[in-house]
Amino acid sequence: MARTPSRRPVRLLLVSDTHVPLRARRLPDELLRETDRADVVLHAGDWVDAATLDLLERRAPRLIGVFGNNDGPDLRARLPEVARAELGGLRFGVVHETGPARGREARCAALYPDLDVLVFGHSHIPWDSEAPGGLRLLNPGSPTDRRRQPHRTFMTCVVADGTLDELVLHRLLAR
């Protein structure tokens, strides 16, 4: 697979399942600071309100987002179900749901053979795995609703020259 060389590293913020204002009144300050540092923010759905989309559109140099199952007609009119972009020489996809955890790698490899990295949401469970054929699957969890997880979370990473580096799962302190 030929990669397009990247002249400089691209800093990414990966986020999903913000659920504002249902699970939190606002986005965490730590997430907003990372938004300001990122070159590109990828949001894998379940925004719940358009104000959160508006906020990230204003703050992020570039925002790539999709709608989730909890997003209404206003968000669905503004966002796709699946988004694709080449970043740092890698082909990224963003989607909200990928079905059950069992068989996820094989299922996603079959559904998205044109991608190098798939960022997904829905479960609120952080995930980092690789499918047969090399597709990397990343779920940043949720920065507002930890559900059954020990922490609320999001991810950052750097991509350049077709390589994903410096992947960090940020664990947010209890509110």
What is the distance from atom [atom1] of [X] to atom [atom2] of [Y], rounded to the nearest 0.5 Å?
{"X": "Leu115", "Y": "Leu90", "atom1": "CG", "atom2": "CG", "value": "10.5 Å"}
{"X": "Leu27", "Y": "Arg33", "atom1": "CG", "atom2": "CZ", "value": "12.5 Å"}
{"X": "Leu55", "Y": "Thr35", "atom1": "CG", "atom2": "OG1", "value": "7.5 Å"}
{"X": "Glu81", "Y": "Phe67", "atom1": "CD", "atom2": "CZ", "value": "4.5 Å"}
{"X": "Phe120", "Y": "Glu97", "atom1": "CZ", "atom2": "CD", "value": "11.5 Å"}

Heavy-atom side-chain proximity of [X] to [Y] below 4.5 angstrom:
{"X": "Met155", "Y": "Val168", "answer": "no"}
{"X": "Glu105", "Y": "Ser129", "answer": "yes"}
{"X": "Ser123", "Y": "Asn139", "answer": "yes"}
{"X": "Pro61", "Y": "Val40", "answer": "no"}
{"X": "Tyr112", "Y": "Val82", "answer": "yes"}
{"X": "Leu135", "Y": "Val117", "answer": "no"}

Audit row: Arg62, Leu87, side-chain contact (heavy atoms from CB on, under 4.5 Å) steps and yes/no | CA-CA 11 Å; Arg62 181 175 178 193; Leu87 304 166; 3.4 Å; yes
If only atom types and distance count, is the side chain of [X] paired as donor or acceptor with the main-chain N or O of [Y] below 3.5 Å?
{"X": "Asp17", "Y": "His122", "answer": "yes"}
{"X": "Arg107", "Y": "Pro100", "answer": "yes"}
{"X": "His151", "Y": "Thr153", "answer": "no"}
{"X": "Trp47", "Y": "Val66", "answer": "yes"}
{"X": "Asp71", "Y": "Asp46", "answer": "yes"}
{"X": "Arg152", "Y": "Pro143", "answer": "yes"}
{"X": "Thr18", "Y": "Val20", "answer": "no"}

Residues [X], [Y]: salt bridge by 4.0 Å N-O rule:
{"X": "Asp36", "Y": "Arg59", "answer": "yes"}
{"X": "Arg11", "Y": "Glu34", "answer": "yes"}
{"X": "Arg84", "Y": "Asp114", "answer": "yes"}
{"X": "Asp54", "Y": "Arg78", "answer": "yes"}

Which pair of heavy atoms, one from [X] and one from [Y], lies closest together, and at what distance?
{"X": "Gly121", "Y": "Ala44", "result": "N-CB, 3.7 Å"}
{"X": "Pro140", "Y": "Leu169", "result": "O-CD1, 4.1 Å"}
{"X": "Ala83", "Y": "Gly65", "result": "CB-O, 4.2 Å"}
{"X": "Ala160", "Y": "Pro9", "result": "CB-CA, 3.7 Å"}
{"X": "Gly45", "Y": "Ser16", "result": "O-OG, 3.5 Å"}

Phe154 and His170 aromatic ring geometry - parallel, tilted or perpendicular at 30°/60° bounds = parallel
Starting from the C-alpha separation in whole Å, work towards a yes-or-no answer on side-chain contact (heavy atoms from CB on, under 4.5 Å) for Val159 and Leu12.
-> CA-CA 8 Å; Val159 292; Leu12 305 181; 4.1 Å; yes
Ring centre gap for His124 and His19 strictly below 6.0 Å = yes
Please say yes or no: joined through hydrophobic side-chain contacts below 4.5 Å, possibly via intermediate residues, are [X] and [Y] part of one cluster?
{"X": "Leu56", "Y": "Leu13", "value": "yes"}
{"X": "Leu118", "Y": "Leu111", "value": "yes"}
{"X": "Val94", "Y": "Leu164", "value": "yes"}
{"X": "Leu14", "Y": "Leu172", "value": "no"}
{"X": "Val48", "Y": "Val15", "value": "no"}

Classify the side-chain pair Asp145/Ser142 by whether it contains a donor and acceptor separated by less than 3.5 Å.
-> no
For Glu57, look at atom CD and say whether over 12 heavy atoms of other residues, nucleotides or ligands are found less than 6.0 Å away.
-> yes
Is there a side-chain contact (heavy atoms from CB on, under 4.5 Å) between Leu137 and Asp128 once you walk through the steps?
-> CA-CA 6 Å; Leu137 291 108; Asp128 179 3; over 6 Å; no
Chi angles and distances behind the side-chain contact (heavy atoms from CB on, under 4.5 Å) call for Arg136, Asp116 | CA-CA 6 Å; Arg136 183 92 175 256; Asp116 300 307; over 6 Å; no
